[in-house]
Amino acid sequence: MKIYNTLTKKKEEFEPIEPGKVKMYVCGPTVYDYIHIGNARPYVIFDCIRKYMEYRGFEVNYVQNFTDVDDKIIKKANDEHVDMQVISDRYIKEALQDAEGLNVKKPSSTPRVTEEMDEIIEMIDTLIQKGHAYVVGGTVYFDTKSFKGYGKLSGKNIDDLEAGARIEVDTDKKHPCDFVLWKPNKEGEPKWVAPWGDGRPGWHIECSVMAKKYLGDSIDIHAGGEDLVFPHHENEIAQSEAANGVPFSKYWLHNGFINIDNEKMSKSKGNFFTLREIAAEIPYDVIRFFILSGHYRSPINFSRELMTAAQHGLDRIKECIKSIDFIAQNATATEMSADETALVAESNKFRRDFEESMDNDFNTADALASIFDFVKFANIHVTATASKPFATEIKDNILQLCDVLGIQTTAENVQFSMTDEEIEACIAERQQAKAAKDFKRADEIRDQLNSRGIVLQDTPSGVRYSHKSL
RNA sequence: GGCGCCAUAGCCAAGUGGUAAGGCAGAGGUCUGCAACACCUCCAUCCCCAGUUCAAAUCUGGGUGGUGCCUCCA
């Protein structure tokens, strides 16, 4: 399994620190609002990577945090005249709902900053003790010059950064790159008691602390959006390695951005969308499928037109599954023919292709091509069979690959506008009409059902019905 | 100013040395009582120029056009 490591800028063979186990940390959202469509990408892709590793037999300890103390949350809380926790609780709940919609497996742990304050203070204290941090007034800064590896992840040179510094230099800092570990609270802001003064933690320290607490000093994979490379992840490395004295994360993974109509999403451009808004019009599974249709490190563009194309592609897969599932349930033969046994063996090539793609830095676009190849194979061979075991075998194999990508294929709880009995009665009547060559009546029944969102399909194994929208 | 990334058919998108996966859309055909689903066939020589090589979309240099980070940000 090869994995692109931002730290070394190369694809490397994946070897976990502890054989068979993967310790993975993914930076989670700041919960001041619904998560936006851009957040959906790391949710989906790192979930998919996790699932593939589990498919490969690794035991994955997957941690994703929630940042629940932040200026934006405080502002919103003040605007609504409620406690900060009311805001963060609300949007954590919503984020979890979105994650579920995207078919993201629940992380092993989802820590929140406000519940890790003791450990945060402890790590800052360690950094001060070790001479990697200093206090000015009530503010604690990390001393970037004291950590010789600073810049190794982002490829930035600390002195170039100084020269190009765009923001006003905080004169309290020893170096412009020094960043805040702890800052005093302002009037009306939440605060925690700390040895160097009441206040709250800076943004970067939380991830170092939570990774350490839930996974250990050295972890296998640290992931997040590409914009986090600098300064956030660079700073995390500095904090963790300075405090713990061992390498922080072995592999660093970063996902590319989602653009909207070829532009970066931003509030000022007016093209900012929450996932919830999008999901109101585009099913979650289409959004997930769309995200997986490109390589995770490349930027992808989001538009109505592309969603429609993704919808159709996904429908093709789902249609196939439904079709072979119908055969698996209705086929009468209980034995596989010799030809079919050979076909099952032949179909293993799709799994091999799939694995090869995923082994190559989680190339989901390529893996999807294997699934489409498999779908075509199934459409040709399974629809021609009357063998239950054959149909079942192929179905199970496709489903297993789809599960790795998180493509939801299980018969969802479809709510028809009629009961199954009613539908089946209509079908029976139509079959009679057909037998009597009364095609006018047969078509009438089909049209009636169609207008109620139910599509009939005549197959050799019987009449199948499904939802119009699939 | 510093550090990156990208450029493949109408659209999306794999492929990083041996003569272009897959999906969407489109055209024609088969199946069907008619449909639907499905299947078959057709649909690119990989931004430009130069170079390396028996061989390049794939490597090197130059150019053009995009774009990201350096500031909260997935």
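Computed over heavy atoms, backbone and side chain alike; hydrogens, waters and symmetry mates excluded. Chain letters run A, B, ... following the sequence lines, proteins first and then strands; every chain starts at 1. Bear in mind the structure is a predicted one, so any value in this text is a computation, not a measurement.
Nearest-nucleotide positions on RNA chain B place A/R297 closer to the 5' end than the other of A/R297 and A/N301. When each of A/K9 and A/S298 is assigned the nucleotide of RNA chain B bearing its nearest heavy atom, the one mapping closer to the 5' terminus is A/K9.
If you check every strand for non-hydrogen atoms under 4.0 Å, A/A309 touches sugar and phosphate atoms only. Counting non-hydrogen atoms under 4.0 angstrom, A/G313 reaches the backbone sugars and phosphates but no base. Using a 4.0 Å heavy-atom criterion, one finds that A/I258 contacts the bases of the nucleic acid, with or without backbone contacts as well. In this structure, A/D373 reaches the sugar-phosphate backbone alone: every heavy-atom distance under 4.0 Å involves primed, P, OP1 or OP2 atoms, never a base. A/F257 comes within 4.0 angstrom of a base, heavy atoms only.
Side-chain proximity of A/K264 to B/rG68, B/rG33, B/rA74: nearest is B/rG68. Nearest to the side chain of A/K156, among B/rA74, B/rA13, B/rC70, sits B/rC70.
Contacts classified as side-chain hydrogen bond (donor to acceptor under 3.5 Å, both in side chains) and involving residues 372-385 of chain A (residues at least two apart or in different chains) are given here: A/E340-A/T385. Sorted by first and then second residue, the ring pair (Phe, Tyr, Trp, His ring centres under 6.0 Å) pairs involving residues 251-271 of chain A (not counting sequence neighbours) are A/F14-A/Y251, A/H222-A/W252, A/H233-A/W252, A/H233-A/H254, A/F248-A/W252. Each ring pair (Phe, Tyr, Trp, His ring centres under 6.0 Å) pair with one or both residues in residues 260-284 of chain A, not counting sequence neighbours, appears once here: A/H36-A/F272.
Comparing the P positions of B/rC59 and B/rG15 gives an interatomic distance of 12 Å, to the nearest angstrom.
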Check the interface with nucleotides 35-38 of chain B: list each N/O to N/O pair with the protein under 3.5 Å, or write none.
from   : atom 1 : to     : atom 2 : distance (Å)
B/rA35 : N1     : A/D458 : N      : 3.3
B/rA35 : N3     : A/R446 : NH1    : 3.0
B/rA36 : O2'    : A/Q457 : NE2    : 3.4
B/rC37 : O2'    : A/E319 : OE2    : 3.4
B/rA38 : O3'    : A/N379 : ND2    : 3.1

Dump every N/O contact between nucleotides 15-17 of chain B and the protein below 3.5 Å, one line per pair.
from   : atom 1 : to     : atom 2 : distance (Å)
B/rG15 : OP1    : A/N363 : ND2    : 2.8

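For A/D98, the salt bridge (Lys or Arg N to Asp or Glu O under 4.0 Å) criterion is met by A/R276, not counting sequence neighbours. For A/F374, the ring pair (Phe, Tyr, Trp, His ring centres under 6.0 Å) partners at least two apart in sequence or on another chain are A/F350. For A/K183, there are no salt bridge (Lys or Arg N to Asp or Glu O under 4.0 Å) partners at least two apart in sequence or on another chain. Every residue meeting the side-chain contact (heavy atoms from CB on, under 4.5 Å) condition with A/P190, not counting sequence neighbours, appears here in chain and number order: A/I74, A/M84, A/W192. The side-chain contact (heavy atoms from CB on, under 4.5 Å) test applied to A/K388 returns A/A331, A/T392, not counting sequence neighbours. Under the salt bridge (Lys or Arg N to Asp or Glu O under 4.0 Å) criterion, A/K11 pairs with no residue at all, not counting sequence neighbours.
Closest approach of A/C207 and A/C27 over heavy atoms only: SG-SG, 3.8 Å.
A stem is defined here as three or more consecutive Watson-Crick or G-U pairs, each with both distances under 3.5 Å; for RNA chain B these stems are B:1-7 with B:64-70, B:10-12 with B:22-24, B:26-30 with B:38-42, B:47-51 with B:59-63.
Annotation: cation-pi geometry not satisfied between A/K105 and A/Y62 (NZ/CZ under 6.0 angstrom from ring centroid, within 45° of ring axis).
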